[in-house]
Amino acid sequence: MIKKNFIAFLALVLLSIQLNAQEKLGKPKVVIGIVLDQMRWDYLYRFQERYGKDGFRRLQNEGFSVENTYINHTPSKTAVGHATIFTGSVPAIHGITANTWVERFTNKKVYCVADSTVNAVGIANETESDADGSGGQMSPRNLLVNTITDELRLATNFRSKVVGVSLKDRAAILPVGHNPTAAFWFDDNSAKFITSSYYMNQLPDWVNKFNNRKEPEKLMSQNWNTLYPINTYKQSSADDVKWEVLYKNQKKSAFPYALPEIYKASKAALRSTPFGNDLTLNFAKAAIEGYQLGRGAETDFLTINLASTDYVGHQFGPNSVEIEDLYLRLDQSLAAFFKYLDANLGKGNYTLFLTADHGVAHNVDFLEENKLPNGLLKVSSFRKSLNDHLTKKINVKGLVSTTANYSVYFNMDRLEGLDFEKVKAEAILFLEQQPNVQFAVDVDRIDNVSLPERIKTMIVNGNNRKRTGQIFIVGQSAYLDASKRSGGVHAAWNPYDTHIPLLFMGWGIKQGSTNKVYHQNDIAITIANLLKIQPANGNVGVPIVEVLGK
């Protein structure tokens, strides 16, 4: 007994020495980066009246808000946003140009984190890799640069622990870079958090214990009703409107939702409820404890993507009661998570930032109902009509291989002997005559295009010569690239998709706000400045100096 007590006492002494050394060096115990999927900046204020004091308002009151943070690349999608936030780079350099892209010179379709050379860990290998919740054969190998989390590992000779957590594979993998401690994402079919052999060969015991708690079943055993009487949701459209997407086997889109029945019909439905966020935050707490984050001599880094904001937004649209209720619930969940961090890491001992990967546009039928400009662009439908036009003009069939992500890709092997400049000019002339297309741009000749400078910069930043097409299409504002009118859509250059929240709180952070314009790729170098480490190797952002207090 005496020996055991002495060992325990010695362990406490060593821990105290480590933590004192950390404080003397002047650095936080942990950096926590929370990325809300599909959060518009205006949600901070639109629902503020009903937020409590310990969630979003705490970030604003105790921390620092960068009010005019914009994405400065296009398209604005999940994988692109996460890569940009944590590299400080842009798609032209970091290479993550969409969730799924086409390789320009081979016409091969690529999912951003798919990797057939690794195996799933936690489930059997599955061949599907372009859908959430299916497939564990994933890694960061398509990311062409380092992340700020990689640089933290390098700066501490790999003693810092770096962990990524999300329901989505891409949102767990890309933020933590190439050499993290671990990345975990959620598999719908098994209802478990999993990883791949890129990171480890078996799940840690703490992950197995968490999975064995069967939290998804517990969370979906309750009905989803509004937190408050539904007639008090003044920031939303009426419940059960025509543009909302139904859960599987449901006949209407209205509260209350019978989640046990919905979950039985589709395991993926958990994602499209507020409780997917709760599951993720609970797993993040388990990761802090499982890896003892913040207990060593070096700063650790935890990245958390809350993805249910995106799934609910896509299903119901940004003006729905469901979105308003989700954010009111999320405010409470964040408050509880911050309280947990205070208790376990110590208030003021961690640095936290919260931002978004992208925003979202209002639904076209909602806009139509309210007499606002709207419509569908359907970029994918241009392939056939454009090929037909070029066949008549150039007398070669199938010159266009793909139209996706606002880009036109050409079959390079069919251009031999042709004047490619003439081909592109003909394509642009045709595209700019299409309804609701404002500009069609030859990205290799963009300096010669009469285009607002901001949009021009976003196209240049999004253009990767191996992973994007040769022509970029800019649609009329509020005309969405979608095949259906239901739900919510994002990906455009417009402020509804690119004006995002950015809040910092905790160690080394001033209290206040700035109205100066900053960009999504300025976040990583700001954290680098805070930690006094090198920026990531593809960084093109600038530090947000107003934020830093020490």
Side-chain angles (χ1 to χ4, degrees), residues 15 18-19 22-23 27-37 39 51-63 149 160-167 171-172 175-176 181-186 193 204-207 209-216 218-219 222 227 273-296 299-309 326-355 501 503-509 527:
L15 177 61
Q18 287 178 332
L19 295 180
Q22 187 180 46
E23 289 174 5
K27 54 189 175 183
K29 293 180 181 179
V30 186
V31 176
I32 299 165
I34 300 177
V35 180
L36 301 186
D37 221 308
M39 183 178 179
Y51 288 152
K53 63 182 177 62
D54 297 318
F56 288 114
R57 283 189 177 183
R58 177 178 171 184
L59 288 169
Q60 292 173 302
N61 294 334
E62 290 186 17
T149 46
S160 289
K161 288 170 280 190
V162 170
V163 182
V165 174
S166 175
L167 297 181
V176 293
T181 308
F184 300 100
W185 54 96
F186 190 70
F193 280 93
D205 287 342
W206 69 265
V207 176
K209 288 178 182 177
F210 184 91
N211 285 334
N212 289 338
R213 281 155 48 179
K214 299 188 181 301
E215 287 204 12
K218 295 174 185 176
L219 289 167
Q222 57 191 315
L227 271 175
T273 74
F275 309 110
N277 291 331
D278 293 332
L279 176 66
T280 306
L281 288 172
N282 288 343
F283 188 79
K285 293 176 189 176
I288 291 172
E289 293 160 14
Y291 282 116
Q292 289 290 285
L293 301 183
R295 300 297 181 181
T299 299
D300 296 324
F301 208 126
L302 174 65
T303 71
I304 304 168
N305 166 248
L306 297 178
S308 289
T309 44
L326 178 146
Y327 274 91
L328 297 180
R329 289 177 178 274
L330 177 58
D331 181 63
Q332 295 183 357
S333 298
L334 288 173
F337 185 63
F338 299 158
K339 185 177 180 180
Y340 167 86
L341 295 176
D342 291 344
N344 288 271
L345 299 175
K347 186 175 181 180
N349 288 334
Y350 60 89
T351 302
L352 182 146
F353 67 86
L354 181 146
T355 189
L503 301 116
F504 295 82
M505 180 179 75
W507 189 96
I509 302 300
I527 296 299

Going by heavy atoms in the side chains, are T280 and I304 under 4.5 Å from each other?
yes
Would you please name every residue forming a side-chain hydrogen bond (donor to acceptor under 3.5 Å, both in side chains) with D278, sequence neighbours left out?
S333
Compare all side-chain heavy atoms of Q222 with those of L219 and state whether any distance is below 4.5 angstrom.
yes
Pairing of E62 and K347 as salt bridge, 4.0 angstrom limit
yes
Indicate the ring-plane relationship of F210 and F193, choosing parallel, tilted or perpendicular according to the 30° and 60° boundaries.
perpendicular
K161 side chain vs T299 backbone, donor-acceptor pair below 3.5 Å
no
NZ/NE/NH1/NH2 to OD/OE distance under 4.0 Å, R58 and D342:
yes
Just wondering, do E215 and L279 contact through their side chains at under 4.5 Å, heavy atoms?
yes
The criterion is ring-ring contact (aromatic ring centres under 6.0 Å, His included); which residues satisfy it with F301, sequence neighbours excluded?
none
Any side-chain to backbone donor/acceptor pair from S166 onto W185? Under 3.5 Å, distance only.
no
Are K285 and Y340 in a cation-pi setup, meaning NZ or CZ lies under 6.0 angstrom from the ring centre and within 45 degrees of the ring axis?
yes
Calculate, to the nearest 0.5 Å, the distance between atoms CG and CG belonging to L354 and L334 respectively.
6.5 Å
According to the interplanar angle, ranging from 0 to 90°, do the rings of Y51 and F56 count as parallel (below 30°), tilted (30 to 60°) or perpendicular (above 60°)?
tilted
Would a 4.5 Å heavy-atom cut-off, applied to side chains only, mark L59 and L352 as touching?
yes
Do the ring planes of W206 and F283 sit parallel (below 30°), tilted (30 to 60°) or perpendicular (above 60°)?
tilted
Around atom CG of N212, are there more than 12 heavy atoms of other residues, nucleotides or ligands at under 6.0 Å?
yes
Should V165 and L302 count as side-chain neighbours, where that means a heavy-atom distance under 4.5 Å?
yes
How long is the straight-line distance from CD1 of I288 back to CG of L341, given to the nearest 0.5 Å?
5.0 Å
How far apart are the closest heavy atoms of V176 and V163, and which atoms are they?
CG1-C, 3.5 Å
Check: Q60 and L503 side chains under 4.5 Å, non-hydrogen atoms:
yes
Drop me the distance from T273's OG1 to L326's CG, to the nearest 0.5 angstrom.
8.0 Å
Measuring from K29:NZ to T351:OG1, what's the distance to the nearest 0.5 Å?
12.0 Å
